[in-house]
Novice: 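My structure is below; once you've seen it, I'll send some questions.
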There are 2 protein chains.
Amino acid sequence: MMQLEQHILKFISLTDDELQSVLSYFTRIETKKKELLLQESQVCRYNYFVESGCLRMYFMDDKGVEKTVQFAIENWWLSDYFSFQKQSNSEFYIQAIEPSTILGLTFPNQEKLLTEHQKMERYFRMVHQTAHAASQVRAKYNKDFSREEQFRHFYDNFPEFVQRVPQYMLASYLGITPEYLSELRAKIVS
Amino acid sequence: MMQLEQHILKFISLTDDELQSVLSYFTRIETKKKELLLQESQVCRYNYFVESGCLRMYFMDDKGVEKTVQFAIENWWLSDYFSFQKQSNSEFYIQAIEPSTILGLTFPNQEKLLTEHQKMERYFRMVHQTAHAASQVRAKYNKDFSREEQFRHFYDNFPEFVQRVPQYMLASYLGITPEYLSELRAKIVS
DNA sequence: CGGTCTCTTGACGGAGTTCAAAGCTAGTGG
DNA sequence: CCACTAGCTTTGAACTCCGTCAAGAGACCG
């Protein structure tokens, strides 16, 4: 049984036939490490569901420094939803930071899927509502803790993830420089 | 024609009868200035739609300083979606910062509404997807610009809003102290 | 009016950045 | 399977943005 099926069934009930039909709208994509799925000034064609591996979304600031806004691991959805919804040019890059297996849903396919399977509106509503809730929690988080506390928290709660991604990506996600992250790491180990 | 009706009709089609039925699930609430709609450690009972006025969501840090995570003006939805969805205790306050007219939807009513009117799943999916997209844009924003640039941008693009809310709320939303905001404001005027 | 909120101003301090250089690590081709 | 290189991480010194504290000036309600 695949991951996406399980994820969908957490929120709504579908028959086997319905599930098979739903899955037919997706494209399975295998990526290499560091492969780019979206580049700046392209339209974000897909809404991605991660089966295995890890994606990140980032942009370049005016000095050419990459800044990570989001990671997505197994069972997470990721897309530039502004670009995806409006079919406008994106300001982001989406990159697989490990060899990954993902399922892609194009905008037209998503529309067709939702027309064909009304219940999937509820599924996607739940996915977005949950993401919206998570963004509120993160907003609190950012304002409540210093960068050092944020890193410490991350380090304590997701040690395997800290191992999994390069430091400089984590630093840019936490909004600090790699140099400062290195300093914090040294402080914690001691 | 009320604001919410118009907002719903931007995303889906409903007959007049359906619209009337949909609206019957909401409670209209009139607030005074500074009235609290949600307090820390309460369950966030309502999903709020702002007809007129302005709400903000904030929390208290451990020093007792209020930190604003979100504003909501006319035609915006606001709730602590984590607390609302799980019916768990909230860490936030929601406050009307002006006399406001809002429509409240309790969690049980939202569930009933969505069961009764399947099309509303699409509406709420769109609302949350749009909010999700906006949170991604804000994430970029926060990482891309210094606090000074963020304030300047805010000041240039939403001058009426800068007038409308007290400085200290705006400061806490931008993640700076009122003192520093005052300094920036002085810099800009000159 | 009077008192409490709100906004401003300035001196000082500290968290986090920048820049430069050296040390590591991992992927690549021979 | 080793050697080389490019990319990643660490270290340290100087600097800057922004917070803290304190004190005063407005502004808004009862």
Side-chain angles (χ1 to χ4, degrees), chain A residues 31-36 54 56 58 60-68 71 93 95-99 141-155 159 161-190, chain B residues 32-36 54 56 58 60-68 93 95-99 141-155 159 161-190:
Chain A
T31 74
K32 291 183 292 189
K33 193 170 177 172
K34 301 204 175 180
E35 189 170 329
L36 287 174
C54 185
R56 69 162 175 149
Y58 66 95
M60 292 283 191
D61 72 9
D62 47 15
K63 290 176 191 149
V65 179
E66 297 177 1
K67 304 207 168 171
T68 304
F71 291 106
Y93 297 77
Q95 181 188 39
I97 63 185
E98 298 172 356
Y141 214 76
N142 282 324
K143 289 185 201 296
D144 211 6
F145 299 117
S146 71
R147 301 295 158 82
E148 177 170 352
E149 286 168 328
Q150 285 182 48
F151 175 62
R152 189 157 234 129
H153 193 267
F154 216 94
Y155 192 85
F161 191 77
V162 174
Q163 305 295 21
R164 202 165 154 183
V165 309
Q167 305 273 317
Y168 74 94
M169 289 185 193
L170 188 53
S172 83
Y173 178 69
L174 294 172
I176 60 181
T177 57
E179 292 92 330
Y180 188 51
L181 180 57
S182 179
E183 198 179 320
L184 292 179
R185 165 180 283 262
K187 219 196 249 182
I188 285 181
V189 171
S190 64
Chain B
K32 291 183 292 190
K33 193 172 175 172
K34 300 205 177 179
E35 190 170 329
L36 287 173
C54 184
R56 69 161 176 150
Y58 66 95
M60 293 281 192
D61 72 9
D62 47 17
K63 289 176 192 150
V65 178
E66 297 177 1
K67 303 207 169 172
T68 304
Y93 297 78
Q95 182 188 41
I97 64 184
E98 299 173 356
Y141 214 76
N142 282 324
K143 289 185 202 295
D144 210 7
F145 299 117
S146 72
R147 301 293 159 83
E148 179 170 347
E149 288 169 326
Q150 285 181 50
F151 174 63
R152 189 158 233 127
H153 193 268
F154 216 93
Y155 192 85
F161 192 76
V162 174
Q163 304 296 23
R164 201 165 154 184
V165 308
Q167 306 274 317
Y168 73 93
M169 288 185 192
L170 189 53
S172 82
Y173 178 70
L174 293 172
I176 60 180
T177 58
E179 292 93 328
Y180 187 50
L181 180 57
S182 180
E183 197 179 321
L184 292 179
R185 164 181 282 264
K187 220 196 249 181
I188 285 180
V189 171
S190 64

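Heavy-atom basis, side chains included; hydrogens, waters and symmetry copies ignored. Residue numbers start from 1 in every chain, and the chains themselves are labelled A, B, ... in the order their sequence lines are given, proteins ahead of strands.
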Novice: Can you tell me how far CD1 of B:Ile176 sits from CG of B:Leu170, rounded to the nearest 0.5 angstrom?
Specialist: 7.5 Å
Novice: Rounded to the Å, how far apart are B:Asn142 CG and C:dG16 P?
Specialist: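 Rounding to the nearest Å, CG of B:Asn142 and P of C:dG16 are 16 Å apart.
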Novice: Any side-chain heavy-atom pair from B:Arg185 and B:Val162 closer than 4.5 angstrom?
Specialist: yes
Novice: Quick test: give all pairs of protein nitrogen or oxygen and nucleotides 26-30 of chain D nitrogen or oxygen below 3.5 Å, distance rounded to 0.1 Å.
Specialist:
none

Novice: Anything under 30° is parallel, anything over 60° is perpendicular, the rest tilted; go ahead and classify A:Tyr58 against A:Tyr93.
Specialist: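 Rings of A:Tyr58 and A:Tyr93: parallel, as their planes differ by under 30°.
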Novice: Under 4.5 Å between any side-chain heavy atoms of B:Lys33 and B:Pro99, yes or no?
Specialist: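 In contact.
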Novice: Nearest whole Å is fine: how far is C:dC7 P from B:Leu174 CG?
Specialist: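 Those two atoms, CG and P, are 13 Å apart.
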Novice: How does each nucleotide of nucleotides 7-22 of chain D score, in 5' to 3' order, for protein heavy atoms under 4.0 Å: base (B), sugar-phosphate only (S), or none (-)?
Specialist: -SSBB------SSBB-
Novice: Looking at A:Arg152 and A:Glu148, does any basic side-chain N land under 4.0 Å from a carboxylate oxygen?
Specialist: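 Salt bridge present between A:Arg152 and A:Glu148.
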Novice: Would you call the rings of B:Tyr155 and B:Phe151 parallel, tilted or perpendicular, where under 30° means parallel and over 60° means perpendicular?
Specialist: tilted
Novice: Rounded to the nearest 0.5 Å, what separation is found between the CG atom of A:Asn142 and the NZ atom of B:Lys143?
Specialist: 6.5 Å
Novice: Using the ring of each side chain (for Trp, its six-membered ring), is B:Tyr141 parallel, tilted or perpendicular to B:His153, with breaks at 30° and 60°?
Specialist: perpendicular
